[in-house]
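Some notes on the structure that comes next.
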Amino acid sequence: MAFWKFFFKNTGIFDMPRSIESVKSIKNILLIKNLENKGQVTDIYVSLDNNIDLYDLEKLCESVGWVRRPIKKVKTAIDNSFLIVSLFCEQNKKKRLIGFARVTSDSAFNATIWDVVIHPEFQGKGLGKALMNQTIKHLRYADISTITLFADPNVVSFYRSLGFITDPDGVKGMFWYPL
Ligand SMILES: CC(C)(COP(=O)(O)OP(=O)(O)OC[C@H]1O[C@@H](n2cnc3c(N)ncnc32)[C@H](O)[C@@H]1OP(=O)(O)O)[C@@H](O)C(=O)NCCC(=O)NCCS
């Protein structure tokens, strides 16, 4: 591993196939150095550790206007997710959660991406794209070939720019809700 660490030290993450279990040990890897944000320069880190602070996550979700969810259910959702991708910046020597996505999967064929969010203070700087690219990269390493998501109408073009297509071969997403 030392060789690969050396070889990929400038990429911020080891670009080699890894099992999904082993990626969960990837914590605080430098993803973007010196990102300029509101006159300040900050480094952005990526973590695939599913042991995240649930209150920080709910604060992040609230920052984009999502309704608060019962924390116990959020914990169950995180614990049962296939992959968690978090982005952090460093503020006052502390890591602050500024981006998040999670994935559910059958571990073989299909994966669905949920809860994609970048804090409003950090939007429009390429972090949403970086977050999605990290997510897709690790799903491809796990040999997952069908990746789906549910896009809010105002973000369809964001996902299109990442290669997602709507209604492939006329296939429609369908939902069932309790009445
Ligand atoms: C959607 C979201 C994750 C995008 O993150 P971001 O960091 O602002 O996006 P980026 O800066 O990486 O943008 C990447 C590209 O998508 C475009 N884009 C970003 N947000 C967009 C939006 N809401 N609609 C359409 N295009 C968008 C950008 O213009 C950029 O295009 P470019 O590569 O041609 O320059 C972020 O706006 C967000 O958290 N929104 C609130 C939560 C939400 O709606 N999540 C999705 C739920 S389905």
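Across all their heavy atoms, Leu149 and Thr112 have their closest contact at CA-CG2, 4.3 Å. Closest approach of Ile52 to Ile78, counting heavy atoms only: CD1-CD1, 4.5 Å. Between Ile144 and Ser107, the closest heavy-atom pair is CD1-C, 3.8 Å. Contact between Ala101 and Ile113 at its shortest, heavy atoms only, is CB-CG2, 4.5 Å. Nearest heavy-atom pair across Thr135 and Leu83 is O-CD2, 3.9 Å. Between Ile118 and Gly99, the shortest heavy-atom distance links the atoms CD1-CA, 4.0 Å.
Thr146 is listed as a side-chain neighbour of Thr148, based on a closest heavy-atom distance under 4.5 Å. Side chains of Thr166 and Tyr159 form no contact here, defined as non-hydrogen atoms less than 4.5 Å apart. Side-chain contact between Gln91 and Thr42 is absent, with no heavy atoms from C-beta onward closer than 4.5 Å. In this structure, the side chains of Pro120 and Val64 come closer than 4.5 Å at one or more pairs of heavy atoms. Contact check for Val85 versus Leu48: side-chain heavy atoms found under the 4.5 Å cut-off. Counting heavy atoms from C-beta outward, Ile98 and Glu121 have side chains that stay 4.5 Å or more apart. In this structure, the side chains of His138 and Ile26 come closer than 4.5 Å at one or more pairs of heavy atoms. Between Ser145 and Arg140, some side-chain heavy-atom pair lies under the 4.5 Å cut-off.
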Can Lys95 and Glu90 be said to form a salt bridge (charged side-chain N to carboxylate O under 4.0 Å, His left out), step by step?
CA-CA 5 Å; Lys95 295 266 185 297; Glu90 204 166 68; 2.9 Å; yes
Stepwise, does the side-chain contact (heavy atoms from CB on, under 4.5 Å) test hold for Thr104 with Asn80?
CA-CA 8 Å; Thr104 52; Asn80 289 288; over 6 Å; no
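Side-chain atoms of Ser105 come within 3.5 Å of backbone atoms of Asn110 as a donor-acceptor pair (strictly under, hydrogens ignored). Under a 3.5 Å cut-off, the side chain of Glu62 and the backbone N or O of Arg68 do not form any donor-acceptor pair.
Separating the CG atom in Leu131 from the NZ atom in Lys129 is a distance of 13.0 Å, to the nearest 0.5 Å. Remark: Leu127 CG to Asn133 CG distance equals 11.5 Å, nearest 0.5 Å. Here CD1 of Ile32 is found 11.5 Å from SG of Cys89. Values are rounded to the nearest 0.5 Å. Between Leu31 atom CG and Ser47 atom OG the span is 11.5 Å, to the nearest 0.5 Å. Considering NZ of Lys38 and NZ of Lys125, their distance stands at 7.0 Å, rounded to 0.5 Å. Between the CG atom in Leu54 and the NZ atom in Lys73 there is a gap of 15.0 Å [rounded to 0.5 Å].
Hydrophobic clustering of Ile, Leu, Val, Met, Phe, Trp and Tyr side chains at less than 4.5 Å, counting indirect connections, unites Leu87 with Leu162. With hydrophobic clusters built from ILVMFWY side chains whose heavy atoms lie under 4.5 angstrom apart, Phe164 does not share a cluster with Val156.
Annotation: ring pair (Phe, Tyr, Trp, His ring centres under 6.0 Å) contacts of Phe158 (sequence neighbours excluded): none. Looking at residues two or more places apart in sequence or on another chain, you find a side-chain hydrogen bond (donor to acceptor under 3.5 Å, both in side chains) between Lys75 and Asp79. In this structure Lys33 satisfies the salt bridge (Lys or Arg N to Asp or Glu O under 4.0 Å) test together with Asp43, sequence neighbours excluded.
Residue pairs satisfying the ring-ring contact (aromatic ring centres under 6.0 Å, His included) criterion with at least one member in residues 71-123, sequence neighbours excluded, are listed as follows: Trp114-Phe150. Among pairs with a residue in residues 98-112, those fulfilling salt bridge (Lys or Arg N to Asp or Glu O under 4.0 Å) read Arg102-Asp115, at least two apart in sequence or across chains.
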Listing, residues 167-179 side-chain donor-acceptor contacts under 3.5 Å, not counting sequence neighbours, or none:
unit_1: Asp167; atom_1: OD2; unit_2: Lys172; atom_2: NZ; d: 2.9

